[in-house]
Amino acid sequence: MPATRASDRNSLLERRTRTLGSHTPLFYDTPLQLVSGKGVWLRSIDGRRYLDAYNNVPHVGHAHPAVANAVSQQMRKLALNTRYLNDRVVDYSEALLGTFGETLNRVSFGNSGSEANELAIRMARFRSGNTGLLMSDYSYHGTTLTLAQATTGLKTSEAMGENVRTLRIPDTTGLSEAAAARLLQTSLSEVDTAIASLQEAGFGVAAVLFDPLFSTEGLVKVPAGYVEGLVHRVHQAGGLYIADEVQSGFGRIGRLMWGHELFDPVPDIVTMGKPMGNGHPLGATVMGAQLLEDFGAENMFFNTFAGNPVSAAAGHAVLNVMSDEALLPRAAANGALLKRELSRELVGNERIDEVRGDGLFAGMRFTDPATGEADPATAKQVVEAMYRDGVLISRVGRNDEVLKIRPPLAFEESDAELLVTKLSRIITELPSAA
Ligand SMILES: Cc1ncc(COP(=O)(O)O)c(C=O)c1O
């Protein structure tokens with residue numbers, strides 16, 4: 001990188017710190033300044049190209065003309081708060097709800113995943129008359145105070161809410177069938193204990209809230225019957241099932257539109273955000289008609305920007321592009337290719353258990369061959385080496401030891417092949433663990 005560029009970057013970094021503070025996170029040891037994007041490719045200020053295999057916000061591809069045009073045309077025409085009759089938001093609501101089964105037939109828009117989850121919890125408390133929450137013990141669902149008091153997967157200064165009980169999400173990776181069956185039993189009795197504890201403390205159960213792909217947890221593979229058993233118990237206790245589709249939704253799984261469709265129980269409430277507007281801030285809470293009717297009758301609920309015509313134009317354009325460009329089948333095919341080829345290249349590698357994930361969301365967990373312990377240092381080394389080699393990926397998991405490969409749905413076969421070639425070479429060339 002030319003010296004002038006490095007000094008420009010340092011000066012921008014200093015200005016950023018002086019305005020946004022020193023704790024506003026940045027990826028990479030040497031932060032990346034991107035200036036433009038197209039499809040799954042990004043360009044940095046120093047002219048380098050990067051393959052985006054990480055970002056799920058530019059869902060249908062960076063700077064997609066159909067979304068950009070829809071937003072700018074609507075912005076030139078009308079942009080205002082949502083208390084006027086507007087056809088765009090109704091058209092979009094119909095299209096969005098058309099992707100759900102018949103019980104999930106009402107939507108309330110928001111501006112982020114956090115807002116969607118906050119409203120979902122508020123509604124669950126309203127419907128159940130309870131306040132207790134069941135959460136994964138390594139998860140993240142947003143920035144509000146309620147969610148901060150239920151955050152287990154990121155640092156928060158707030159103490160865990162007294163009304164929150166956490167569950168260890170069981171992972172069957174590497175387990176025999178018999179061991180997985182035993183794990184199912186112990187995990188469901190943990191659920192029983194948590195529910196009993198909420199009831200004894202007088203909170204009762206308002207909801208269980210989880211991401212159906214268990215992304216933050218490291219894309220863990222739950223035993224068959226776990227989600228069914230968990231949701232059944234929550235329902236019996238009078239609580240609601242909230243599926244957080246911020247990461248797992250909108251066709252991320254490829255063969256399915258929504259992550260919750262991986263399991264039998266239909267959620268009472270579904271929340272979504274990130275990919276919805278292809279970069280335009282947009283979130284939503286989807287529920288059944290009766291719940292919204294009852295909640296609305298008791299609460300004058302109004303959110304200034306949520307579901308405004310510009311946001312609706314963005315959201316609707318995303319759904320149209322997904323359909324016009326057949327992005328779900330593409331995600332299914334390229335996700336399968338990615339997993340198959342990475343597994344083939346890295347089979348028997350002593351540091352990796354298996355290539356996990358579903359659809360166009362892949363992960364691989366690094367462990368130290370000597371101790372079997374999580375190996376976040378190697379995962380970080382690989383992420384940084386991929387960055388130097390022009391491919392963006394990241395890390396998740398309890399110890400940040402799982403690679404996170406979650407490209408825009410616009411990822412092509414040739415992109416998957418390029419990623420496999422680079423990642424396999426980087427992992428194979430890691431210094432020997434011995
Ligand atoms: C699963 C999940 N839920 C909710 C959120 C919060 O969404 P937002 O940052 O749009 O508020 C996130 C953000 O990372 C998330 O990953």
Side-chain angles (χ1 to χ4, degrees), residues 20 23-27 54-59 107-124 133-156 158 164 166-167 169 207-220 222 227 241-253 258-260 262-263 267 269-286 303 305-307 311 314-315 318 357-361 363 392-398 400 402 404-408:
L20 304 178
H23 296 288
T24 306
L26 274 173
F27 286 129
Y54 171 71
N55 286 294
N56 64 342
V57 166
H59 196 51
V107 56
S108 179
F109 289 106
N111 304 288
S112 65
S114 301
E115 275 191 3
N117 281 325
E118 181 72 21
L119 176 61
I121 291 174
R122 202 173 148 192
M123 286 186 151
L133 293 177
L134 287 175
M135 311 289 291
S136 151
D137 75 349
Y138 198 80
S139 60
Y140 175 70
H141 298 280
T143 54
T144 67
L145 181 58
T146 314
L147 294 164
Q149 290 174 337
T151 291
T152 49
L154 289 182
K155 194 165 67 177
T156 53
E158 288 83 2
V164 179
T166 60
L167 303 168
I169 303 301
V208 62
L209 166 59
F210 61 87
D211 160 4
L213 272 181
F214 303 104
S215 321
T216 307
E217 293 86 336
L219 295 165
V220 302
V222 294
V227 166
Y241 161 30
I242 305 170
D244 178 336
E245 298 272 6
V246 167
Q247 295 213 42
S248 60
F250 283 95
R252 174 60 47 191
I253 291 172
W258 301 106
H260 67 259
L262 286 168
F263 308 107
I269 306 180
V270 178
T271 60
M272 62 206 74
K274 287 187 199 277
M276 240 179 132
N278 218 54
H280 182 93
L282 183 54
T285 309
V286 167
N303 186 331
F305 296 118
S311 301
V318 168
D358 209 324
L360 205 49
F361 201 153
L392 307 185
I393 58 171
S394 187
R395 295 188 286 158
V396 275
R398 211 165 269 280
D400 266 345
V402 181
K404 181 176 188 179
I405 304 169
R406 188 200 51 183

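Source: prediction; values computed, not measured. Order of listing sets the numbers, starting from 1, for every ligand and every atom in it.
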Atoms of ligand 1 less than 4.0 Å from [X] heavy atoms?
X	value
Asn117	3 (N), 4 (C)
Lys274	13 (C), 14 (O), 16 (O)
Tyr140	1 (C), 2 (C), 3 (N), 12 (C), 13 (C), 14 (O), 15 (C)
Ser112	10 (O), 11 (O)

Report task. Specify the closest pair of heavy atoms between Ser311 and Pro281, including all atoms of both residues, with the distance to one decimal. Result ->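 Reported closest heavy-atom pair: OG-O, 4.1 Å.
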
Query raised in the report: Are the side chain of Arg406 and the backbone N or O of Tyr54 linked by a donor-acceptor pair below 3.5 Å?
Result: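 Yes: the side chain of Arg406 pairs with the backbone of Tyr54.
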
Report task. Would you confirm whether Thr152, through its side chain, and Ser136, through its main-chain N or O, come within 3.5 Å as a donor-acceptor pair? Result ->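 Yes.
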
At what distance is the nearest protein heavy atom to [atom], and which residue and atom is it?
atom	answer
atom 16 (O) of ligand 1	Gln247 NE2, 3.0 Å
atom 10 (O) of ligand 1	Gly113 N, 2.9 Å
atom 4 (C) of ligand 1	His141 O, 3.3 Å
atom 15 (C) of ligand 1	Val246 CG1, 3.7 Å
atom 3 (N) of ligand 1	Asp244 OD2, 2.6 Å

Query - From the candidates Ser114, Gly283, Gly153, Pro281, the one that places a heavy atom nearest atom 6 (C) of ligand 1 - result: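 Closest candidate by heavy-atom distance is Ser114.
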
Query - Nearest-0.5 Å distance that lies between atom OG1 in Thr144 and atom CD in Glu115 - result: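 Going from the OG1 atom of Thr144 to the CD atom of Glu115 covers 9.5 Å.
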
Query raised in the report: To the nearest 0.5 Å, what is the distance between CG (Leu119) and OG (Ser114)?
Result: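 The CG atom of Leu119 sits 12.5 Å away from the OG atom of Ser114.
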
**Report entry** Test of ring centre spacing under 6.0 Å for Tyr241 and Phe210
**Finding:**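 Yes.
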
Requested in this report: Look at Asp358 together with Arg252 and state whether they make a salt bridge at an N to O cut-off of under 4.0 Å.
Outcome: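 Salt bridge absent between Asp358 and Arg252.
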
